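Please read all numbers here as calculations on a predicted model, not as lab measurements.
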Amino acid sequence: VTSKAQLELRTALGEAGWITGIASQPYTEDWLKLSANPALGVARPNSTEAVADCVRLCREHHIALVPQGGKTGMVLGSVPGKPEQATVILSLERMHRIEHIDPIGGTVCVEAGVVLDQLQQVLGENNLQIPLHLGSSGSAQIGGLISTNAGGSHAFRDGMMAEQVLGLEVVLPSGDIWQGNRALLKDNAGYALRRLFCGAEGTLGIVTRATLQAVNKPADITTLLLSCENLENALALLGLCRAHTGKLLNAAEFMHAVGVNWVTQHCRDVSFPLESVPPYTVLLEFVSPNAALQLEPIVDHLLSEAMQRELVSDGVQASSEQQRAAMWALRESIPEGQRLHGRQLKHDVAVPVAQIANFIAAASAAVQNIMAGTLVNPFGHMADGNVHFNLSPPAGADIEFFERSDAFNKAVYDTVVQFNGSIAAEHGLGRAKVALADRVRPEVERALMRTIKAAIDPSGFMNPGVIVHMDNDSH
Ligand SMILES: Cc1cc2nc3c(=O)[nH]c(=O)nc-3n(C[C@H](O)[C@H](O)[C@H](O)COP(=O)(O)OP(=O)(O)OC[C@H]3O[C@@H](n4cnc5c(N)ncnc54)[C@H](O)[C@@H]3O)c2cc1C
């Protein structure tokens, strides 16, 4: 059956659209390189109709279909789940056309395989941008960003990816094409279908085209890197920013000394601009929509109050675009620094903003109880409560540390639940967190998700094993 299916897929997709064997291997591994299960082949359609053909063939032949964007997801959603399951990866990489920019309406229509940085570059030429900023923007695709409902540094003000999506075109598991690609903010004609696909992680269909909101680029930007002795001070600083600058606040990111030190040790070309690495470093950014609204006096006033209240012990302001980029490179290299340091346990969680310090203290105590000396690297998007609470073993204790992975994960996620937080803030559940969600989320909520999955993908071949486990997961 599979060789017949492969032949039909090759015929439908053409030579450039169907890859097998050694050439398909790079598609089986994502950024984290945690698994590399084989695929029957990689479909690389270059049109929505070709996507629909591929979907129909996979369904008919009972082959699991895994949609793939830039492979920067953190929860194993874009790569085959099981070695024994016949799986086709559907890469959107050939669908990368930016089709229409409307500077008056502030919208852009793109195919799903467009990479975020490339879109920002083209929009920038029209003085526009998508209000989404994240460290994977050089590889992450619009379809992947929509399907994970990506967050990033501006989410506290501009919302997550779903907020940027006005319309979508989606190939459904039936092979039908849903033409919902409207450039409309207000479209309440029934259930919010476009929302359903934001964060669906490829389990309900394949996003092929989207219309997104684009906003004007700021006229002025001020970026600062500040030292804080503790997180309580960092949070008080955030409160001051909200009070003094309102919507001008563009980012409020925090990093722990453990993560900053790994970046300076392992990432070439990234340096720390202050004299010494403090317990917590905060990156603040402010933007002004109009040159007439000057940031300087507003930020000066904020900083003088922060110094007076001893919230900040040192700091530097970017005086060029190069320095600003270097500050962001530091923040965005934290995941890479820890990856280069060695194996780790990642936890992408969210708690109410004012509880961040309490949560980190409680979760740190819980993991130290399991193994003293565990290296805790908390960092993230302070203004929306999103904490990346990542753990690495003490030197020389890798084996004992990873033997206790389940205990570490349980301790962290149980603490999240105590704080009424989320076990999956911006990376989604993928394959990695399904059992966890079944354990800690309300059963009514999980049952509702299974009902939605069964209704839209009754044969269960669309990214099986992601978000929910279904009885028909194994084809
Ligand atoms: C260094 C680094 C920093 C990061 N920072 C952030 C951050 O700040 N905020 C954040 O939210 N995430 C962050 N991420 C995670 C990641 O970049 C996002 O989850 C991103 O949205 C994934 O996009 P992608 O194109 O790489 O998708 P992939 O990883 O290829 O796929 C992700 C999921 O979407 C599905 N999918 C992909 N394309 C489609 C499609 N067209 N239709 C249907 N389903 C599809 C896949 O099946 C999979 O389940 C970071 C990752 C890295 C490596």
Side-chain angles (χ1 to χ4, degrees), residues 133 135 151-157 222-246 248-264 272-287 298-318 324 327-328 330-335 337-338 347-365 375-390 415-416 419 421 425-426:
H133 185 114
S153 307
H154 306 331
F156 74 95
R157 190 194 51 203
T222 297
T223 310
L224 306 145
L225 215 53
L226 303 172
S227 299
C228 292
E229 287 309 307
N230 53 51
L231 257 182
E232 287 77 4
N233 285 356
L235 286 167
L237 179 64
L238 172 66
L240 265 191
C241 291
R242 287 201 197 279
H244 282 261
T245 65
L248 303 181
L249 181 64
N250 197 40
E253 303 282 310
F254 78 98
M255 301 163 252
H256 189 271
V258 164
V260 171
N261 286 327
W262 280 333
V263 171
T264 54
F272 189 72
L274 297 168
E275 218 159 85
S276 61
V277 176
Y280 281 95
T281 305
V282 172
L283 186 158
L284 291 181
E285 188 162 272
F286 305 91
V287 288
I298 300 172
V299 174
D300 283 354
H301 186 223
L302 168 87
L303 286 179
S304 75
E305 190 168 338
M307 301 295 252
Q308 210 179 349
R309 288 174 52 183
E310 297 183 356
L311 301 178
V312 169
S313 51
D314 196 5
V316 60
Q317 179 172 333
R324 173 176 174 258
M327 289 180 182
W328 275 106
L330 174 74
R331 161 62 188 88
E332 290 178 341
S333 300
I334 300 281
Q338 188 157 17
H347 308 96
D348 161 45
V349 303
V351 292
V353 175
Q355 293 295 334
I356 292 178
N358 294 337
F359 163 74
I360 290 177
S364 300
L375 299 168
V376 181
N377 177 25
F379 64 95
H381 314 296
M382 189 162 62
D384 59 28
N386 185 184
V387 178
H388 299 296
F389 191 83
N390 296 350
T415 312
V416 170
F419 279 82
E426 60 177 8

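The aromatic ring centroids of His256 and Phe379 lie 6.0 Å or more from each other. The aromatic ring centres of His244 and His301 sit less than 6.0 Å apart.
Put simply, the side chain of Asn390 never gets that close to the backbone of Asn377: no donor and acceptor are under 3.5 Å apart. Arg331 places no side-chain N or O within 3.5 Å of a backbone atom of Leu283 that could act as its donor or acceptor partner. At least one donor-acceptor pair closer than 3.5 Å links the side chain of Thr264 to the backbone N or O of Asn261. Looking at Arg242, its side chain never comes within 3.5 Å of a backbone N or O of Leu237 through a donor-acceptor pair. Under a 3.5 Å cut-off, the side chain of Asn250 and the backbone N or O of His154 do not form any donor-acceptor pair. Remark: side-chain polar atoms of His381 are not paired, donor with acceptor, to backbone N or O of Asn386 under 3.5 angstrom.
Counting only N and O atoms by type, the side chains of Glu253 and Ser153 include a donor and acceptor under 3.5 Å apart. There is a side-chain donor-acceptor pair under 3.5 Å between His133 and Glu332.
Minimum heavy-atom separation, Glu232 to Ala357: OE2-CB, 3.7 Å. Scanning all heavy atoms of the two residues, the minimum distance from Pro279 to Cys228 falls at CD-O, 3.8 Å. Nearest heavy atom pair, residue Leu274 against residue Gly315, reads CD2-C, 3.6 Å. Between Leu225 and Pro273, the shortest heavy-atom distance links the atoms CD2-CG, 3.5 Å. Shortest non-hydrogen contact noted between Gly152 and Asp384 is O-OD2, 4.2 Å. Residues Phe156 and Ala383 share a closest heavy-atom pair of CG-CB, 3.5 Å.
Rounded to the nearest 0.5 Å, atoms CG (Leu240) and CD (Glu305) are 5.0 Å apart. Atom CG of residue Asp300 and atom CD of residue Gln317 lie 7.5 Å apart, to the nearest 0.5 angstrom. Residue Met327 holds its CE atom at 10.5 Å from CZ of Arg324, rounded to the nearest 0.5 Å.
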Practice task
Begin with the C-alpha distance, continue with both residues' side-chain angles, and end with the deciding distance and a verdict on side-chain contact (heavy atoms from CB on, under 4.5 Å) for Asn233 and Tyr280.
Solution key: CA-CA 9 Å; Asn233 285 356; Tyr280 281 95; over 6 Å; no
Exercise for the section: Apply side-chain contact (heavy atoms from CB on, under 4.5 Å) to Val263 and Ile334, showing your working. Expected result: CA-CA 6 Å; Val263 171; Ile334 300 281; 3.8 Å; yes
Practice task
Apply the test side-chain contact (heavy atoms from CB on, under 4.5 Å) to residues Val258 and Val376: give CA-CA distance (whole Å), side-chain angles for both, the deciding distance (0.1 Å), then the verdict.
Solution key: CA-CA 7 Å; Val258 164; Val376 181; over 6 Å; no
Practice task
Just do the side chain to side chain donor-acceptor pair (under 3.5 Å) check on Gln338 and His388 with the steps written out, would you?
Solution key: CA-CA 12 Å; Gln338 188 157 17; His388 299 296; over 6 Å; no
Practice task
Show the numbers, then the answer: is there a side-chain contact (heavy atoms from CB on, under 4.5 Å) between Cys241 and Leu284?
Solution key: CA-CA 9 Å; Cys241 291; Leu284 291 181; 3.7 Å; yes
Handout entry: Glu285/Trp328 under side chain to side chain donor-acceptor pair (under 3.5 Å): CA gap, chis, key distance, verdict
Key = CA-CA 10 Å; Glu285 188 162 272; Trp328 275 106; 2.9 Å; yes
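In this structure, the side chains of Ser364 and Phe389 come closer than 4.5 Å at one or more pairs of heavy atoms. Inter-residue side-chain proximity for Val287 and Leu248 is flagged as unmet; no heavy-atom pair is nearer than 4.5 Å.
For Glu229, the side chain to side chain donor-acceptor pair (under 3.5 Å) partners two or more places apart in sequence, or in a different chain, are Ser313. Under the ring-ring contact (aromatic ring centres under 6.0 Å, His included) criterion, Phe419 pairs with Phe359, sequence neighbours left out.
Just one of Leu303, Val316, Leu311 meets the side-chain contact (heavy atoms from CB on, under 4.5 Å) condition when paired with Leu226; it is Leu303.
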